[in-house]
Amino acid sequence: MTVEEIREELEQKADEEYRKFHSKLLPGTENILGVRIPELRKIAKRMVKDDWRFYLNEAPDKYYEEDMLRGFIIGYADMTLEERMRVIADFLPSIQNWAVCDSFCSTLKFTKKYQAQMWNFIKPYFQSESVYEIRFAAAMALDYYRMPEYAQEVFVFFDHVKNKDYYVQMAIAWAVSVYYIYLPEITEDYIRHNALDDFTHNKAIQKICESYRVEKETKARLRTLKRKQKQ
């Protein structure tokens, strides 16, 4: 299929009500058609059975859904680790919102097979100046590295992120809250001694306290660790 044929299929699958709903979650993203994620995944899985590289090479980005498709193809297609790292690096600069970033990361499940190699690939992105490259690193840590042997190094990287963009701060806060679910003792010690900015620190505690998997007594204790933020 050509880029134009795939674009026509996306336009046909567009749901106006879903477009309105999803657009509210992505302020500033004006090119949303309204194709639901399960439909995009189905299309991507079909595309990787054929010549999928043409789509990445063409890099279509008229619609938000085309960015999603490219990310899903990278996750689903059969390729070597070296090629996958290369196409991930090529794709990352095109990410313009949290939804593409997070959906992309959740699709890179091959990471579980190549954990050490991928960790070495991911780490430099914590030091990027790009909002969504930093968010990529944080989301990958959240999705695939929430175990004791990685946690301390992940937390050091979180502490050294100084980018104050909201979508960076929220990604790190979200990640810390999930680490708490899986590694409560290690993560609580980090919460007590971290070098995060006040907003991210407090937001992480808020996210933990919103979880139904955390006991009331624990939530009460964690709330005492919130910081007063400067006005």
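We count residues from 1, following the sequence as given.
Ring geometry for F199 versus Y166: interplanar angle of 30 to 60°, hence tilted. In this structure, Y150 and Y145 have perpendicular ring planes: the angle between them is above 60°, well past the 30° mark. The aromatic rings of H22 and Y18 lie parallel to each other, with less than 30° between the two planes, well short of the 60° mark.
Side-chain contact between E66 and L10 is present, with at least one heavy-atom pair separated by less than 4.5 Å. A heavy-atom distance below 4.5 Å is found between the side chains of L81 and F110. By the 4.5 Å heavy-atom criterion applied to side chains, V161 and F126 are counted as neighbours. Within the 4.5 Å cutoff, side-chain heavy atoms of M47 are placed close to those of I6. Side chains of M85 and Q117 form a contact here, defined as non-hydrogen atoms less than 4.5 Å apart. When side chains are defined from C-beta on, M140 does not count as touching Y125, because their heavy atoms never get closer than 4.5 Å. A 4.5 Å side-chain heavy-atom check between F136 and I88 finds at least one atom pair inside the cut-off. Side-chain contact between I191 and I208 is present, with at least one heavy-atom pair separated by less than 4.5 Å.
Counting only distance, with no hydrogens or angles, the side chain of W98 and the backbone of L25 share a donor-acceptor pair below 3.5 Å. Panel note: side chain T111, backbone L108; a donor-acceptor pair is recorded below 3.5 Å. T187 contributes no side-chain N or O that, together with a main-chain N or O of P184, makes up a donor-acceptor pair within less than 3.5 Å. In this structure a side-chain-to-backbone donor-acceptor pair under 3.5 Å is present from Y144 to C105. Of the possible donor and acceptor atoms, none in the side chain of N97 sits under 3.5 Å from a partner among the backbone N and O of L26.
The CD atom of E215 sits 11.0 Å away from the OG atom of S211 when rounded to the nearest 0.5 Å. Taking CG from D189 and CD from Q152, the interatomic distance works out to 7.0 Å, rounded to the nearest 0.5 Å. We find the CG-OH distance between L196 and Y190 to be 3.5 Å, quoted to the nearest 0.5 Å. In this structure, Y64 OH and T29 OG1 are separated by 7.5 Å, a value rounded to the nearest 0.5 Å. The distance from the CE atom of M68 to the CD1 atom of I32 is 9.0 Å, given to the nearest 0.5 Å. How far CD of E210 is from CD of Q206: 4.5 Å, rounded to the nearest 0.5 Å.
The environment of CD in E149 is crowded: more than 12 heavy-atom neighbours from other residues, nucleotides or ligands sit within 6.0 Å. The neighbour count for K49 NZ, taken as heavy atoms of other residues, nucleotides or ligands under 6.0 Å away, does not exceed 12. The environment of E16 atom CD is dense: over 12 non-hydrogen atoms of other residues, nucleotides or ligands sit within 6.0 angstrom. By the neighbour-count criterion of 12 heavy atoms within 6.0 Å, atom CZ of F54 is densely surrounded, having more than that number from other residues, nucleotides or ligands. Heavy-atom neighbours of D78 CG from other residues, nucleotides or ligands within 6.0 Å: at or below the threshold of 12.
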Legend entry - Working for salt bridge (Lys or Arg N to Asp or Glu O under 4.0 Å), residues E65 and K13: CA-CA 11 Å; E65 285 81 359; K13 291 182 180 295; over 6 Å; no
Inset, instruction - Evaluate side-chain hydrogen bond (donor to acceptor under 3.5 Å, both in side chains) for R7 paired with T2, printing each intermediate quantity in order. - result: CA-CA 9 Å; R7 185 171 289 162; T2 66; over 6 Å; no
Inset, instruction - Check step by step if side-chain contact (heavy atoms from CB on, under 4.5 Å) holds for F155 and I186. - result: CA-CA 10 Å; F155 293 156; I186 293 173; 3.8 Å; yes
Inset, instruction - Let me see the working for R70 and S94 under side-chain contact (heavy atoms from CB on, under 4.5 Å), right down to the final yes or no. - result: CA-CA 10 Å; R70 288 161 53 218; S94 70; 3.3 Å; yes
Legend entry - Verdict with reasoning, Y63 to E11, per side-chain contact (heavy atoms from CB on, under 4.5 Å): CA-CA 10 Å; Y63 294 124; E11 291 170 343; 2.8 Å; yes
Legend entry - Step-by-step side-chain contact (heavy atoms from CB on, under 4.5 Å) determination, M170 to K207: CA-CA 10 Å; M170 289 301 294; K207 290 287 184 184; 3.7 Å; yes
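When every heavy atom of S103 is checked against every heavy atom of R41, the shortest pair comes out as O-NH2, 3.9 Å. Residues M79 and W52 share a closest heavy-atom pair of CE-CH2, 3.5 Å. In terms of heavy atoms, V3 sits closest to P60 at CG1-CB, 3.7 Å. For the residue pair N194 and D159, the shortest heavy atom distance occurs at CB-OD1, 3.7 Å. The heavy-atom pair separating C209 from L222 by the smallest distance is SG-CB, 4.5 Å. When all heavy atoms of A139 and D102 are compared, the pair lying nearest together is CB-OD1, 4.2 Å.
No single ILVMFWY cluster, assembled from side-chain heavy atoms under 4.5 Å apart, contains both M147 and V156. Cluster membership check: L225 shares its hydrophobic cluster with I181, using side-chain heavy-atom separations under 4.5 Å among Ile, Leu, Val, Met, Phe, Trp and Tyr.
Every residue two or more places apart in sequence or in another chain that forms a side chain to side chain donor-acceptor pair (under 3.5 Å) with R192 is listed here: E188. In terms of the side chain to side chain donor-acceptor pair (under 3.5 Å) criterion, residue partners of E133 (sequence neighbours excluded) are, by chain and number, S128.
Geometrically, R146 does not engage Y179 in a cation-pi contact defined by less than 6.0 Å to the ring centre and at most 45° from the axis. The cationic atom of R135 (NZ for Lys, CZ for Arg) does not lie both less than 6.0 Å from the six-membered ring centre of Y167 and within 45° of the ring axis. Taking the ring axis of F121 as reference, the NZ or CZ atom of R84 does not stay both within 45° of it and closer than 6.0 Å to the ring centre.
Of the N and O atoms on the side chains of D197 and Q169, at least one donor lies less than 3.5 Å from an acceptor on the other residue.
Ionic pairing of R53 and E83 is present here: one or more N-O contacts between side-chain nitrogen and carboxylate oxygen are shorter than 4.0 angstrom.
If you look at F104 and F91, their ring centroids are closer than 6.0 Å.
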